[in-house]
Amino acid sequence: MEFAAFAARCEEIEAASADTEITSLVADLLGAAKEELQTVVRFLLGRVYPAYDSTTLDIGPKLCYNALARAAGQNVSVEDIEAHLAEEGDIGTVAEQLDLGGQQGLAAFGSGTETELTVTHIETTLQDLAETTGDGSQETKVDILFGLFNRASDREARYLSRLVLSEMRIGVGEGAIRDATARAFDVPVDAVERALQVSNDYGLVAETARTDGVSGLEDIQLEVGRPVQAMLAQTGTVTDALDSWGTVGVEWKYDGARVQVHTDGTGVSLYSRNMEDVTDALPEVVEFVSNRVNEPAIIDGEVVAIDADGTPRPFQAVLRRFRRKHDIEMVRENVEVQLHAFDCLYAAGESLLDVPLRDRHARLATVVGRDTPSAAENPAETPEGVSRLWLSADAKEIEQLEQEAVSAGHEGLMLKDPESAYTPGNRGQRWLKRKPDVETLDCVVTGAEWGEGRRANVLGTFELSVRDGENYCSIGKVATGITDEELAELSDLLEPHIQQESGTAVDIAPAVVFEVGYEEIQESPTYGSGYALRFPRFLGVRSDKSPADADTRARVESLVSDEH
Ligand code: AMP
């Protein structure tokens with residue numbers, strides 16, 4: 001498929017407003033795709049790789065503007081592009097209005113013999129770009145991108161620039177792809193949904209629906225080495241849990257980072273909540289699993305940083321380990337981590353997703369080193385490294401467990417329906433989290449200000465936003481609770497995402513999530529969300545969360561109504 005045809009269809013989709021119209025346009029596009037179907041699906045979602053693959057293009061906005069400026073000719077600078085972007089607010093619109101191309105004489109890369117860009121050519125070129133590493137790689141990336149922009153029509157540039165920055169803005173989310181796949185290849189939505197849950201590969205699922213229909217979709221199973229989305233929790237009370245389920249599965253809630261363990265019985269891979277491969281960052285977890293698990297399995301759990309005496313440390317400590325790519329051994333000495341496995345998705349060649357939690361937990365205990373099938377009923381038998389699951393129908397007993405959790409240095413309790421299936425990616429009512437302390441919010445950083453005097457070269461006063469559909473709306477600014485050292489780290493983290501600057505104020509593309517505490521939430525006309533956090537306090541970077549996982553305006557609303 002020519003990229004021009006893809007871009008033309010994106011334009012129609014972008015202009016459509018009703019969900020049904022979007023689904024039918026996407027379905028037509030999928031139906032028209034040939035061997036590039038998988039790529040078309042990923043491109044629609046603003047991806048070059050499947051969701052479970054943590055390879056990134058590693059292209060910041062600046063690099064993209066650089067390539068655009070070069071393709072636009074000598075009279076256009078990066079600053080011009082940034083100024084234009086400040087007016088338009090969308091790189092696609094800016095790219096479309098530039099007079100790209102005609103720079104063949106200067107091109108190191110763009111002077112191929114092909115005249116039309118195809119979807120496949122763009123995919124392979126962007127993959128080449130992703131694989132470019134080492135000295136001078138940033139320059140090479142600009143060259144490669146320049147080569148593409150230089151050959152792009154206005155409309156192609158609009159969608160290519162957005163694709164490169166992973167934000168298509170055409171109103172097509174994962175739900176639309178799911179529905180369009182069902183429609184294009186005449187298969188039930190439920191079958192598509194299930195296949196997506198276990199594979200996390202929208203391209204593969206569309207391709208399978210096309211070639212092998214429902215039976216092909218049913219054959220898609222969990223695979224060791226292909227992470228799935230973690231099952232998520234909602235906030236809730238013990239009363240909710242007892243009323244809904246009678247008997248409640250109670251576990252400690254550990255203050256660490258989610259990790260999905262995949263083992264084929266010998267090798268071990270570890271994935272973060274965002275499905276990034278974090279195997280190299282956690283060698284002691286790898287060692288633990290290699291020693292204890294000797295059959296193929298997929299295990300869900302939390303890694304927690306501990307002190308020399310085994311006391312849990314705040315989750316920031318474990319995230320430091322996730323971030324650290326080098327000198328693991330050195331950091332390992334400073335921050336030791338421990339696995340608390342709480343679920344088992346797959347064991348001995350069999351998916352356990354539809355098995356009730358109490359039985360999955362019993363399997364987990366068996367898989368992690370000891371033959372204790374009754375562990376769910378007899379928590380004292382729970383092996384090391386496995387989180388205990390208590391079954392209780394007594395509010396007082398649950399309260400007692402909560403106190404024990406907190407005095408052992410953990411965050412509180414998780415309340416789970418003992419009969420529930422494991423639903424990847426689903427924030428359902430089957431897992432409830434109960435935090436004894438005040439609520440916190442996970443907000444996306446969308447702006448900041450350069451400091452003054454001694455702090456002139458670091459960012460401070462960060463603008464916080466919550467999700468509202470596909471957009472982010474502001475809810476406050478945070479400047480307290482941040483040490484000088486943290487300010488420097490935060491500046492390094494955020495600087496690549498700066499979109500534009502005016503005076504000391506900067507706009508930042510949604511990329512980084514802060515956990516913030518606050519005293520209360522008030523209605524306020526000052527911020528886009530209509531609410532303001534009172535006395536917000538920085539608690540840490542949630543580097544395990546992407547902006548799509550941040551809290552929503554709807555959650556803020558429900559917190560406000562809870563307060564009254
Ligand atoms: P939150 O990050 O506040 O949405 O809380 C949910 C997170 O708590 C999960 O994603 C896990 O990382 C973590 N967690 C800690 N202990 C448990 C547990 N026993 N069961 C499930 N999740 C847990």
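Each ligand, and each atom within it, is numbered from 1 in the order the structure gives. Source: prediction; values computed, not measured.
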Quiz item: Among F342, W431, F315, Y254, which residue places a heavy atom closest to atom 23 (C) of ligand 1?
Solution: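 Closest candidate by heavy-atom distance is F342.
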
Quiz item: If we ignore angles and hydrogens, is there a donor and acceptor under 3.5 Å between the side chains of Q522 and Y531?
Solution: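 Side-chain D/A pair, Q522 to Y531: absent.
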
Practice problem: Indicate yes or no: does an N/O atom of S387 lie under 3.5 Å from an N/O atom of ligand 1? | Solution: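 N/O-N/O distance under 3.5 Å: no.
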
Quiz item: Do H497 and Q499 have side-chain N/O donor and acceptor atoms under 3.5 Å apart?
Solution: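 The answer is no; no qualifying pair exists.
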
Quiz item: Just by distance, with hydrogens left out, do Q234 and Q429 show a side-chain donor and acceptor under 3.5 Å apart?
Solution: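 Distance-only check passes for Q234 and Q429.
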
Quiz item: Which of the atoms of ligand 1 are close to R542, meaning less than 4.0 Å from one of its heavy atoms?
Solution: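 Answer for ligand 1: 2 (O).
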
Quiz item: Listed by chain and number, what are the side chain to side chain contact (heavy atoms under 4.5 Å, CB included) partners of S420, not counting sequence neighbours?
Solution: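 In terms of side chain to side chain contact (heavy atoms under 4.5 Å, CB included), with neighbours along the sequence ignored, S420 is linked to L357, D417, R430, W431.
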
Self-check item: Sequence-distant partners of D19, salt bridge (charged side-chain N to carboxylate O under 4.0 Å, His left out), two or more places apart
Solution: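 Salt bridge (charged side-chain N to carboxylate O under 4.0 Å, His left out) list for D19, sorted by chain: empty.
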
Practice problem: Look at atom 1 (P) of ligand 1 and find which of K433, E251, R258, E302 reaches it with the closest heavy atom. | Solution: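 When every heavy atom of K433, E251, R258, E302 is considered, K433 comes closest to atom 1 (P) of ligand 1.
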
Quiz item: Strictly under 4.0 Å, does any heavy atom of R273 approach an atom of ligand 1?
Solution: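 True for this residue.
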
Quiz item: For E411, is the nearest heavy atom under 4.0 Å from an atom of ligand 1?
Solution: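 Not so, E411 does not reach ligand 1.
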
Practice problem: May I ask whether H410 places a heavy atom under 4.0 Å from ligand 1? | Solution: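 Distance cut 4.0 Å: H410 fails for ligand 1.
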
Quiz item: So do the side chains of K433 and E411 get within less than 4.5 Å of each other, counting heavy atoms only?
Solution: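 K433 vs E411: side chains apart.
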
